[in-house]
Amino acid sequence: MDTEYDAIVIGGGSAGLSFARHAAGLGRKIALIERAELGGTCVNRGCVPKKMLWTVADALHRGSGLTRAGLLGATPPVDMERLCARRGDKLAAIRQSYRDKLGEAGVTLIEDVAELTAPGEVTISGRRLRAPRVVLATGGRPVKPDMEGAHLACDSDAVLNWTALPRSMAIIGGGYIGCEMAAIHAALGVRVTLVTDTDRVLTEFSEAAAKVGQANMAAQGIRIVTGCTPEAVRETDDGLELVLDADTSLAVEKVVAATGRAPNLEALGGLAERVAATDKGVLKIDERFETSLPGLHAVGDCADRLPLTPVASGDGETLARQLFGTHRPPVDLRHVATTAFVLPPVAEVGQPSEAAIFEQKTLSPLSAALRADASQDYYGLGGSESAVTSVSLVAEGAHEAIAWAAQMLLHRPDRDTMRRALGVHPSTSEEVMG
Ligand SMILES: Cc1cc2nc3c(=O)[nH]c(=O)nc-3n(C[C@H](O)[C@H](O)[C@H](O)COP(=O)(O)OP(=O)(O)OC[C@H]3O[C@@H](n4cnc5c(N)ncnc54)[C@H](O)[C@@H]3O)c2cc1C
Ligand SMILES: NC(=O)c1ccc[n+]([C@@H]2O[C@H](COP(=O)([O-])OP(=O)(O)OC[C@H]3O[C@@H](n4cnc5c(N)ncnc54)[C@H](O)[C@@H]3O)[C@@H](O)[C@H]2O)c1
C-alpha cells in the first residue's frame with residue numbers, strides 16, 4: 001500500500017464519500033479510511049432505513065384512517081420480517097454501489113480505524129500514511145441522557161434494527177429523531193408516549209409549523225409530555241418503567257433515548273487539544289472547512305454545520321473543489337431545505353424566526369375529511385411581501401415540495417410574483433400560490 005497521498009479522508013459516510021470521489025475526479029490521489037460500513041449513518045442507521053420504515057408507516061396511516069372511517073376493510077398487519085429483509089438488501093446494494101464508485105474513481109479504500117498521529121500523518125494498524133491535507137469526516141453517534149438506568153434505553157441505531165415491534169414505547173426527546181420514531185411507530189400500531197424537556201416538539205422548526213406537526217402527532221394518538229426531564233428507567237416484571245417524577249411513571253415495553261448526538265472525534269487522538277470545538281462539541285471550521293490545526297479539514301456531522309446528509313455531501317464536494325479545483329463558497333445554510341418525516345411531514349427552508357412569518361394558514365385537507373381524522377395542513381411564508389425568504393409547509397408531499405421552494409427562494413421572489421404561478425387544485429399548494 002502507498003503511504004503518500006494528496007489527501008486522506010477519515011470516514012466513509014455521506015461527507016467522506018463525496019469528498020473522496022470529487023477529489024479523485026479532479027485527478028488527485030486520495031485514500032479513504034472507514035472503520036465500519038461504507039455509507040455511514042445515513043445509509044446504515046439513519047435516513048435510508050428510516051425512510052423505508054416511514055414509507056410503510058405512511059401507507060398504514062392513510063389506510064387505517066380510511067378503515068376507521070368505514071371506507072376500507074381492516075388494514076393488514078405489517079410483515080416486519082419481510083420488511084427487514086428487503087431493507088437489508090437495499091442497504092447492502094447501496095454500500096456495494098459506493099464501493100464500486102470509489103473503485104471507478106481510483107480512490108484507495110482502507111477498511112480500518114484511523115488516528116491522526118501528527119499534522120498530515122494518519123496511522124492505521126501501526127502503518128503511517130501522509131498527506132498535506134487530512135479531512136475528518138467521522139460523523140456522530142447517539143448520546144443517552146445522564147440518568148439512572150439509561151443503559152436500559154435503546155438509541156436510534158437499535159430501533160432501526162428492530163425485527164419485531166413492541167406493544168408500547170416511551171421516547172425521550174422531541175427533536176427530529178424522537179418525533180419521526182414516534183409518528184412512524186404509532187402508525188405501525190405501537191402505543192407511543194413522547195417525553196421532551198422543551199415546551200414543544202421540533203424546536204429546530206418555526207413554532208407555528210412545529211405546533212401543527214405536534215397537533216398532528218397527538219391526533220395520531222401519540223401522548224406528548226412536554227417540559228419534562230425523565231429521572232430514571234427501571235426494569236419491572238412486565239418490561240420497563242420510565243420515571244417522569246416522584247409521582248408519575250410510564251409502564252412500557254421499550255424506552256428509546258432520542259436525546260441528541262455527539263461527534264466522533266476519537267480519530268484526533270492526542271492532537272484533540274489542538275483542534276478547537278464549539279460548545280456543542282463539533283469542530284470549528286472556516287470558509288475552507290479548515291480547523292484550527294492547519295491542513296486538517298472537517299466536513300459533515302463532526303463539523304459546525306447542519307447535521308443533514310445533503311449538507312454533508314455538498315460540503316464534501318465543495319471542499320474537494322476548493323482544494324483541487326476552482327474555489328466556491330460553502331452552501332448558505334439558509335438555502336437548505338429540511339423535513340421531519342412525521343405524518344404528514346413538517347418541512348421548512350429559510351430558517352424563519354417567528355417574527356419573520358408574515359403570512360400563514362392552517363387548513364383541513366380533503367384527505368383528513370375522508371379519513372375522519374383531525375390532522376391539519378399548514379403553510380407559512382417569511383420575510384416580507386417584497387422579498388419572501390422562507391417557506392414552511394406541513395402537508396402530504398411537503399418533503400418533495402420544499403426542495404422546489406428552496407430553488408424559488410434563491411430568486412427572492414416578491415409575494416405578487418409568487419401568485420403569478422398557480423398551484424394544483426385541489427391541494428394545499430394552491431393555497432400558497434393563492
Ligand atoms: C435516525 C437518523 C435519521 C436521519 N434522517 C435524516 C434525513 O432524513 N435526512 C437528512 O438529511 N439527514 C438525516 N439524518 C442525519 C444524517 O444521517 C447525517 O447528517 C449524515 O449521515 C452525516 O454524514 P457524515 O458523513 O458526516 O457522518 P457519518 O455518516 O456518521 O459517517 C462517518 C463515518 O466515519 C467513520 N469513522 C468514525 N471514526 C473513524 C475512525 N477513527 N476511523 C475510520 N472511520 C471512522 C464511521 O464509521 C462512519 O461510517 C439522520 C440521522 C439519524 C441518526
Ligand atoms: N429528517 C431529517 O432530516 C433528520 C432526521 C433525524 C435526524 N436528523 C439530524 O440529526 C440531528 C440530531 O437529531 P436528534 O433528534 O437526535 O437530536 P436533537 O438535538 O434535534 O433533539 C433532541 C431532543 O431531545 C431533548 N432532550 C435532550 N435530553 C433530554 C432529556 N434528558 N429529557 C427530555 N428531553 C431531552 C432536547 O430538548 C431535544 O428536543 C438533528 O439535529 C438533525 O439535523 C435529521
Side-chain angles (χ1 to χ4, degrees), residues 9-19 32-51 53-54 110-116 122-124 135-147 150 153 155-157 159-160 171-181 184 194-205 210 225-231 242 244 257-269 280 282 298-303 305-313 315-316 336-342 345-347 399:
V9 54
I10 307 177
S14 309
L17 285 166
S18 172
F19 172 81
L32 181 147
I33 311 170
E34 170 54 57
R35 67 180 177 189
E37 292 164 305
L38 274 185
T41 302
C42 174
V43 173
N44 300 292
R45 49 195 173 272
C47 335
V48 180
K50 182 272 307 286
K51 181 79 186 292
L53 206 53
W54 180 86
I110 302 165
E111 293 177 85
D112 206 335
V113 179
E115 186 177 323
L116 192 70
V122 175
T123 300
I124 42 155
V135 178
L136 208 72
T138 47
R141 58 174 178 276
V143 285
K144 288 184 183 171
D146 183 15
M147 68 174 180
D155 58 25
S156 58
D157 294 357
V159 174
L160 289 170
I171 298 171
I172 313 171
Y176 281 82
I177 295 180
C179 289
E180 290 181 346
M181 294 294 168
I184 289 170
L194 183 142
V195 183
T196 194
D197 57 5
T198 47
D199 63 358
R200 64 174 169 91
V201 301
L202 295 175
T203 51
E204 314 253 317
F205 290 79
V225 182
T226 55
C228 173
T229 305
E231 291 175 0
L242 180 67
L244 302 188
T259 42
R261 294 176 62 80
N264 296 320
L265 299 178
E266 313 82 79
L268 290 175
K280 289 184 175 168
V282 287
V299 281
D301 281 10
C302 65
R305 293 280 280 163
L306 264 185
L308 296 173
T309 288
V311 177
S313 15
D315 285 355
V336 175
T338 183
T339 294
F341 284 94
V342 289
V346 175
H399 54 302

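Positions are given from 1, in the same order as the sequence printed here. All ligand and atom numbering here is 1-based and tracks the order in the structure.
In T198, the part holding a heavy atom less than 4.0 Å from any atom of ligand 2 is the side chain. Looking at M147 against ligand 2, nothing comes within 4.0 Å, counting heavy atoms. Only the backbone of C228 comes within 4.0 Å of ligand 2, counting heavy atoms alone; no side-chain atom from C-beta on gets that close.
Residue, atom and distance of the protein heavy atom nearest to atom 5 (C) of ligand 2 are E180 OE1, 3.3 Å. Counting protein heavy atoms only, atom 11 (C) of ligand 2 is closest to P307 CG, 4.1 Å. At the shortest separation from atom 35 (C) of ligand 1 among protein heavy atoms lies E34 OE1, 3.3 Å. Here the heavy atom of the protein found nearest to atom 3 (O) of ligand 2 is L308 CD2, 3.3 Å. The nearest heavy-atom contact from the protein to atom 4 (C) of ligand 2 is Y176 CD2, 3.2 Å. Nearest non-hydrogen protein atom to atom 42 (N) of ligand 1 is A114 N, 3.0 Å. Taking atom 21 (O) of ligand 2 as the reference point, the nearest protein heavy-atom neighbour is G175 CA, 3.5 Å. Looking at atom 19 (O) of ligand 2, its nearest protein heavy atom turns out to be G260 CA, 3.9 Å. Taking atom 24 (O) of ligand 2 as the reference point, the nearest protein heavy-atom neighbour is G173 CA, 3.2 Å. At the top of the distance list for atom 12 (C) of ligand 2, counting protein heavy atoms only, stands R261 CD, 3.8 Å.
Within ligand 1, the atoms closer than 4.0 Å to a non-hydrogen atom of A137 are 32 (C), 33 (C), 34 (O), numbered from 1 in the order shown. Atoms of ligand 1 found under 4.0 Å from any heavy atom of P310, numbered from 1 in the order shown, are 11 (O). Near A258, meaning under 4.0 Å from any of its heavy atoms, are these atoms of ligand 2: 22 (C), 23 (C), 24 (O). In the vicinity of A267, heavy-atom distances shorter than 4.0 Å reach the ligand 1 atoms 41 (N). Under a 4.0 Å criterion applied to the non-hydrogen atoms of C42, ligand 1 contributes the atoms 17 (O), 21 (O). In the vicinity of T339, heavy-atom distances shorter than 4.0 Å reach the ligand 2 atoms 1 (N), 2 (C), 3 (O). Every atom of ligand 2 is numbered from 1 in the order shown, and the set under 4.0 Å from a heavy atom of G174 is 23 (C), 24 (O), 39 (O). The atoms of ligand 2 that sit less than 4.0 Å from any heavy atom of K50 are 1 (N), 5 (C). Atoms of ligand 2 lying under 4.0 Å from at least one heavy atom of P145, given by number and element, are 31 (N). Near G300, with a cut-off below 4.0 Å to any heavy atom, the atoms of ligand 1 are 26 (O).
Between the choices D146, D197, I177, the shortest heavy-atom distance to atom 7 (C) of ligand 2 belongs to I177.
Where the criterion is an N or O separation shorter than 3.5 Å, residue side chain and backbone included, G178 fails it with respect to ligand 2. At under 3.5 Å, not a single nitrogen or oxygen of N264, backbone or side chain, sits near a nitrogen or oxygen of ligand 1. Considering both main-chain and side-chain atoms, T203 never comes within under 3.5 Å of ligand 2 through any nitrogen or oxygen pair. Inclusion of T229 in the set of residues having an N or O under 3.5 Å from an N or O of ligand 2 is not warranted.
A distance-only check finds no donor-acceptor pair linking the side chain of K50 to the backbone of E180 [under 3.5 Å]. Here the side chain of S18 pairs no donor or acceptor atom with the backbone of G316 at under 3.5 angstrom. A donor-acceptor pair is defined here as one N or O able to donate and one able to accept, closer than 3.5 Å; no such pair exists between the side chain of D315 and the backbone of V299.
At least one heavy atom of K50 lies less than 4.0 angstrom from ligand 1. Within the 4.0 Å heavy-atom cutoff, I172 counts among the residues contacting ligand 2.
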